[in-house]
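What follows is one structure encoded as structure tokens, with my remarks underneath.
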Amino acid sequence: MSDVQPLPSGARTPELRLDEEMLDRLCKTTASFENIINQAITALKLREQKTRTGAYPDPATFKTPTDVFIGEPMSYVRSGDGFTLRVSTSPPNGGPEEQVWEW
């Protein structure tokens, strides 16, 4: 059984008020999450291509998603038998930082 009780008839939920700082942090957190999800999806696509073809795609022709902080495609570099993907993130205590995924 759930411990959540329904609101009494006519009751209103508290109004959510976001000040400028809270809204800025929320936007940066959402953008960071979007970049990291896109980075993970891209890494899986790269691994899938290597499984199918035996090699990672050419970075000059492989399209990566746009890094939402800098407005340019995320960095993709082949390195040895693997690759590196870089995107920007904004941690709660400031930023931006770089999120690096090496495989």
(request) Kindly compute the distance separating CD1 (Ile41) from CD1 (Ile36), expressed to the nearest 0.5 Å. (result)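 Interatomic distance, Ile41 CD1 to Ile36 CD1, rounded to 0.5 Å: 12.5 Å.
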(request) Compare every heavy atom of Asp67 with every heavy atom of Asn35, then report the nearest pair and how far apart it is. (result)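 Between these two residues, the closest heavy atoms are ND2-OD1, 3.0 Å.
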(message) Tell me the closest heavy-atom pair linking Pro65 and Thr42, and the distance in Å.
(response)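 For Pro65 versus Thr42, the nearest heavy atoms are CD-OG1, 3.2 Å.
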Can you list, pair by pair, the side-chain donor-acceptor contacts under 3.5 Å of residues 68-83, counting residues two or more places apart and other chains?
{"unit_1": "Tyr76", "atom_1": "OH", "unit_2": "Pro57", "atom_2": "O", "d": "2.6"}
{"unit_1": "Arg78", "atom_1": "NH1", "unit_2": "Tyr56", "atom_2": "O", "d": "2.9"}

